[in-house]
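To start, the structure under review is shown below, and the notes come after it.
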Amino acid sequence: MRILIIDDHADAADSLGELLQALGHEVEVAHTGKGAVERALRFRPHVIFCDLAMPEVDGLSVCQELRRVAELQDAVAVAWTGFTDPDTRRRAEAVGFAHYLVKPTGLPELMELLTRVQRDAG
């Protein structure tokens, strides 16, 4: 699958990207939410992992923008964050995130999510 990672924490984003590449996925990484929609339009990811707490443009705003673009409607948006509170989860779901993963995410949880996304894509 093509996977886009959007996270201002470069080490976390790059590490996840390397892991996903090792699992056979095509990966691009963006370190800011600014310009993320344009990058997604060029890359056409199947899955987008997006941090919620980023400067300038946060992950909730990024997801709202992604959901407004017809060409990106099929991309599965995954909130990838350190926030564990129910209110943030509700807000993430309300703007269009299909899944919510809390950092640090273990390999079994990550593999289960990607398997589910591939299966659902049919």
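Any value given below was found using the heavy atoms of this structure, including those in side chains, with hydrogens, waters and symmetry copies removed.
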- Query: Does F83 belong to the same Ile/Leu/Val/Met/Phe/Trp/Tyr cluster as V62, with side-chain heavy atoms less than 4.5 Å apart forming each link?
  - Reply: no
- salt bridge (Lys or Arg N to Asp or Glu O under 4.0 Å) contacts touching residues 95-117 (sequence neighbours left out): D7-K103, D51-K103, E112-R116
- Query: For atom CG of D87, is the number of surrounding heavy atoms from other residues, nucleotides or ligands below 6.0 Å larger than 12?
  - Reply: yes
- Query: Quick one: are L19 and L107 in side-chain contact, heavy atoms under 4.5 Å?
  - Reply: yes
- Atom pair CZ (F49) and CG (L20), whose distance is rounded to the nearest 0.5 Å: 6.0 Å
- Item | Any pair counted as salt bridge (Lys or Arg N to Asp or Glu O under 4.0 Å), so long as it reaches residues 12-31, sequence neighbours left out | E28-R39
- Query: Is it the case that one hydrophobic cluster holds both V117 and W80, taking links as side-chain heavy atoms less than 4.5 Å apart, direct or via other members?
  - Reply: yes
- Query: Any side-chain heavy atom of L113 within less than 4.5 Å of one from V47?
  - Reply: no
- Work out which heavy atom in A79 is nearest to a heavy atom in F97; give both atom names and the distance. N-CD2, 3.1 Å
- Message: Quick check: do R91 and D85 have side-chain heavy atoms less than 4.5 Å from each other?
- Response: no
- Item | OH on Y100 to OG1 on T84, rounded to 0.5 Å | 7.0 Å
- Do the side chain of H99 and the main chain of V78 share a donor and acceptor less than 3.5 angstrom apart? no
- Query: Sub-3.5 Å donor-acceptor pair from the side chain of R2 to the main-chain atoms of F43, do we have one?
  - Reply: yes
- I6 and A36: which non-hydrogen atoms are nearest, and at how many Å? CD1-CB, 3.6 Å
- Determine whether V76 and I48 fall in the same hydrophobic cluster, where Ile, Leu, Val, Met, Phe, Trp and Tyr are linked whenever their side-chain heavy atoms lie under 4.5 Å apart. no
- Task: Rounded to the nearest 0.5 Å, what's the gap from OG1 on T88 to CG on L52? Could you check?
- Result: 7.0 Å
- Query: Do I5 and L101 belong to the same hydrophobic cluster, where Ile, Leu, Val, Met, Phe, Trp and Tyr are linked whenever their side-chain heavy atoms lie under 4.5 Å apart, directly or via other members?
  - Reply: yes
- Item | Distance (rounded to the nearest 0.5 Å) between M111 CE and T105 OG1 | 14.0 Å
- A75 and P45 have their tightest heavy-atom pair at CB-O, 3.5 Å
- Which atoms form the tightest heavy-atom contact between A92 and L60, and what is the distance? CA-CD2, 3.7 Å
- Query: Does CD belonging to Q21 count more than 12 external heavy atoms closer than 6.0 Å?
  - Reply: yes
- Who passes side-chain hydrogen bond (donor to acceptor under 3.5 Å, both in side chains) against T81, sequence neighbours left out? none
- Shortest non-hydrogen separation from M54 to C50 and the atoms involved: CE-SG, 4.0 Å
- Message: Could you work out, with side-chain hydrogen bond (donor to acceptor under 3.5 Å, both in side chains) as the rule, every residue matching S61, not counting sequence neighbours?
- Response: D58
- Would V29 end up clustered with L16 when hydrophobic side chains under 4.5 Å apart are linked, directly or stepwise? yes
- Test side chain to side chain contact (heavy atoms under 4.5 Å, CB included) applied to L41 - qualifying residues, sequence neighbours left out: V37, R44, V69, E71, L72
- Query: Distance from L114 atom CG to I3 atom CD1, nearest 0.5 Å?
  - Reply: 5.0 Å
- For L66 and Q73, which heavy atoms make the closest approach, and how far apart are they? O-NE2, 4.0 Å
- Across all chains, not counting sequence neighbours, the side-chain hydrogen bond (donor to acceptor under 3.5 Å, both in side chains) partners of D120 are none
